[in-house]
Amino acid sequence: MTQDVRVRFAPSPTGHLHIGGARTAIYNWAFARHHGGTFILRIDDTDPERSTTENTLAILRALRWLGLDWDEGPEAGGTRGPYFQTQRSASYAEALVTLRASGHAYPCFCSAEELESKREVARVKGGYAGYDRACRSISVADAAVRVEAKEPHVWRIAVPQDRGDVVFHDAVRGELSFPPAALDDFVLVRTDGTPTYNYATVVDDALMEITHVIRGDDHLSNTPRQILVFEALGHDVPTFAHLSMILGADGKRLSKRLGAVSVEAYRDDGFLPEALLNYLTLLGFALDGDTTVFSASQLIEGFDLERVSKNAAIFDAEKLEWLNGVYMRELTPEALVDRMTPLLIEAGLLTSDEALARHDWLVALAPLVAQRLKRMDEVVPMVSFLFADDVEIDPAARDKVLSDSHVSVMLHATRSAMSDVEPYDTTSLEAALKALPEALDVKPKALFQAVRVAVTGSTVSLPLFESLELLGRDLSVRRIDAAIALVDAS
RNA sequence: GGCGCGUUCGUCUAGCGGCUAGGACACCGCCCUCUCAAGGCGGAGAUCACGGGUUCGAACCCCGUACGCGCUACCA
């Protein structure tokens, strides 16, 4: 099996890549890579109303961003294409000819209204068991004549009457069994000639020689139907693995109301792909009892469908943020600079020329930022005080810290220390300023907070001495002066 | 209604007949400390949904019940 594993991820381009879909893709990918197999991307675009090229492109982009690469599919080619269902009608038609010839499919002339009312009646009596197979008793010859005469019809599968329970081993859930009573002669091809999902999927999976179907468990109940189609086609039945749902914080289906649901939204919110991949994987899989943070290669190494959990998982945005912070801190300063520079430029704090010129300065800033970052979008507010000539002092901070009667004295002392210190760097600054509280007989915290508010505008900021160095002597002194003026005026 | 799946700390999970039920996030406390973080240490938090069995012994095996979810379409 290790040799020729072929799996596929088959999204519908009716929207962007969902968190749930992304996890399904990750598991398929990890499984293929673990076994040295082939990961196929197929676009199930049979719904013409809702499928768009934009969505398809967005899905490809999101998959790539996550670091998932496919061996066959759009933009990758492959020998089992095409990889868009809308381009595979010939295959579905051909398979139908085979099924017709072997007696595994028959035309049904019942109208939708007819079926609907039959269903109602049966349901009221309790125990609706599906289509009553009325058209199955029409002779092959009669049926052929009516089809030839263009009488509207669908094609249904002829489920073998003597078929026992449909039993299969799900790689995640184990032995599963479905009584044949629940399986009616469902529709394969619609009146307009298009294939239904359960039919198209199986024809494709068969032709693409998929060995393992790893998908959401909303398809679990479809599986026995699909197995019937595989059997009718005379094809080997692949192994199935059904993944449980990812739910929102309210325990219900993921919805936009409770936060982002698309992969690209998380990218835009400042999450790193490695972190999202790691987190999503964790929602239903564990390498072992205590590994939380792991790389894609560790995932590939240790991935095993038998370790995928059966129960639904609630998406926890806080844990994702924590994990993202972990990955942020693993970034080299240069890598973080590469990621934050565009944001600084976009915020108007820097031009791209300045970013280039001040590269070393940015590299020095990066580690300070990384340590307190959970999302990239927190960068700008954290560092903006470094980029203007003057800083706006938060009123609350002013009331709390700059109202002390000794503040003026403290700031004056700080100002002169700052003017004299050589060189103007973190180490010297720290030595010089740390001597002040004792000399002035004030609490260190009182003085440093006063300086912090004066220089950064806030009671919460990056480390003080580092900030002063990054800011430079001129701007630092200028802000101390402004604060002194403010304090003396009140 | 029928059929199927699921149920271990608030959340994600480990566990695959014998464990003081382990880890992670979040939470609380202490340490570090110029604030915030990060980091270190510690704490609280799960009668393993409930009820019956099987067994010397059950979170793990079996049967029910409850709750949740899925399918039951000429949606995917």
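Of the residues in residues 369-385 of chain A, Gln371(A), Arg372(A) come within less than 4.0 Å of RNA chain B through at least one heavy atom, sorted by number.
Of the candidate nucleotides C74(B), G70(B), C12(B), C74(B) has the atom nearest to the side chain of Arg190(A). For Gln449(A), the listed nucleotide lying nearest its side chain is U35(B); candidates were C74(B), U35(B), A24(B). Comparing G4(B), A26(B), C71(B) by their closest approach to the side chain of Pro179(A) singles out G4(B). In the set G23(B), A76(B), C74(B), A76(B) carries the atom at the smallest distance from any side-chain atom of His219(A). The side chain of Thr292(A) has A24(B) as its nearest neighbour among G4(B), A24(B), C34(B). Taking every side-chain heavy atom of Ala313(A) into account, C12(B) is the closest of C12(B), C34(B), A24(B). The side chain of Asn222(A) lies closest to A76(B) when the candidates are G70(B), A76(B), C34(B). Side-chain proximity of Lys319(A) to the nucleotides C74(B), U35(B), G23(B) is greatest for G23(B). Of the candidate nucleotides A38(B), G6(B), C74(B), G6(B) has the atom nearest to the side chain of Arg173(A). The side chain of Arg225(A) lies closest to U72(B) when the candidates are G4(B), U72(B), C74(B).
A side-chain donor-acceptor contact under 3.5 Å links Gln85(A) and Asp44(A).
Nucleic acid contact class of Tyr197(A) (heavy atoms, under 4.0 Å, all strands): base. Residue contacts for Val187(A): at a heavy-atom cut-off of 4.0 Å it reaches the sugar-phosphate backbone alone, with no base atom in range. Residue contacts for Ser221(A): at a heavy-atom cut-off of 4.0 Å it reaches a base atom on one of the strands shown. Using a 4.0 Å heavy-atom cutoff across all strands shown, Thr456(A) reaches no nucleic acid atom at all.
In terms of position on RNA chain B, the residue among Glu318(A) and Leu283(A) whose nearest nucleotide sits closer to the 5' end is Leu283(A). Checking Leu247(A) against Cys108(A), the closest nucleotide of RNA chain B that is more toward the 5' end is the one next to Leu247(A).
Between Arg307(A) and Asp304(A), no side-chain nitrogen of the basic residue sits less than 4.0 Å from a carboxylate oxygen of the acidic one, so the salt-bridge criterion is not met. Under a 4.0 Å N-O distance rule, the pair Arg133(A)/Asp184(A) does not qualify as a salt bridge. Under the 4.0 Å criterion applied to side-chain N and carboxylate O atoms, Arg173(A) and Asp217(A) are assigned as salt-bridge partners.
In this structure, C36(B) makes no Watson-Crick or G-U wobble pair, since no nucleotide meets both defining distances under 3.5 angstrom. Taking a pair to require two hydrogen-bonding distances under 3.5 Å in either a Watson-Crick or a G-U wobble arrangement, G4(B) pairs with C69(B). The partner of C50(B), taking Watson-Crick or G-U wobble pairs whose two distances both stay under 3.5 Å, is G64(B). The nucleotide G42(B) finds its pairing partner in C28(B), both defining distances of the Watson-Crick or G-U wobble pair being shorter than 3.5 Å. Using N1 to N3 plus N6-O4 or O6-N4 for Watson-Crick, or N1-O2 and O6-N3 for G-U wobble, each under 3.5 Å, A14(B) pairs with nothing. Nucleotide A59(B) forms no Watson-Crick or G-U wobble pair with any nucleotide shown, as no partner meets the under 3.5 Å limit on both distances.
In the interface, the side chain of Asp316(A) is not paired with the base of A26(B) through any donor and acceptor atom under 3.5 Å apart.
In this structure the side chain of His16(A) never reaches within 4.5 angstrom of the side chain of Val263(A), judged on heavy atoms.
Regarding contacts with the backbone of A73(B), a side-chain N or O of Arg119(A) is found under 4.0 angstrom from either OP1 or OP2. Taking side-chain N and O atoms only, Lys310(A) has no distance below 4.0 Å to OP1 or OP2 of U7(B). Proximity of Arg23(A) to the phosphate of C12(B): no side-chain N or O atom is located under 4.0 Å from OP1 or OP2. OP1 or OP2 of U8(B) sits under 4.0 Å from a side-chain N or O of Asn311(A). In this model, the phosphate group of A76(B) is approached by a side-chain N or O of Thr46(A) to a distance below 4.0 Å at OP1 or OP2. The side chain of Arg307(A) places no N or O atom within less than 4.0 Å of a non-bridging phosphate oxygen (OP1 or OP2) of U13(B). Distances shown here put every side-chain N or O of Arg215(A) at or beyond 4.0 Å from the OP1 or OP2 atom of A76(B). OP1 or OP2 of U13(B) lies within a sub-4.0 Å distance of a side-chain N or O belonging to Ser309(A).
As a whole-Å value, the separation of Met245(A) CE from G68(B) P is 17 Å. Atom CG in Asp218(A) sits roughly 13 Å away from atom C1' in G4(B) (whole-Å rounding). Leu282(A) places its CG atom 12 Å from the C1' atom of A14(B), with the value rounded to the nearest Å. Whole-Å rounding puts the Arg42(A) CZ to A76(B) P distance at 13 Å.
Relative orientation of the Tyr27(A) and Phe303(A) rings is tilted, given thresholds of 30° and 60° on the angle between their planes.
The cationic atom of Arg156(A) (NZ for Lys, CZ for Arg) does not lie both less than 6.0 Å from the six-membered ring centre of Phe186(A) and within 45° of the ring axis. With Phe109(A) as the aromatic partner, Arg146(A) meets the cation-pi criteria of under 6.0 angstrom to the ring centre and within 45 degrees of the ring axis.
Residue pairs meeting the salt bridge (charged side-chain N to carboxylate O under 4.0 Å, His left out) criterion with at least one member in residues 368-385 of chain A, sequence neighbours excluded, are Glu321(A)-Arg375(A), Arg375(A)-Asp377(A).
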Distance-only donor-acceptor pairs under 3.5 Å for side chains of residues 442-449 of chain A, two or more places apart:
residue: Gln449(A); atom: OE1; partner: Arg452(A); partner atom: NE; Å: 2.6
residue: Gln449(A); atom: NE2; partner: Thr459(A); partner atom: O; Å: 3.4

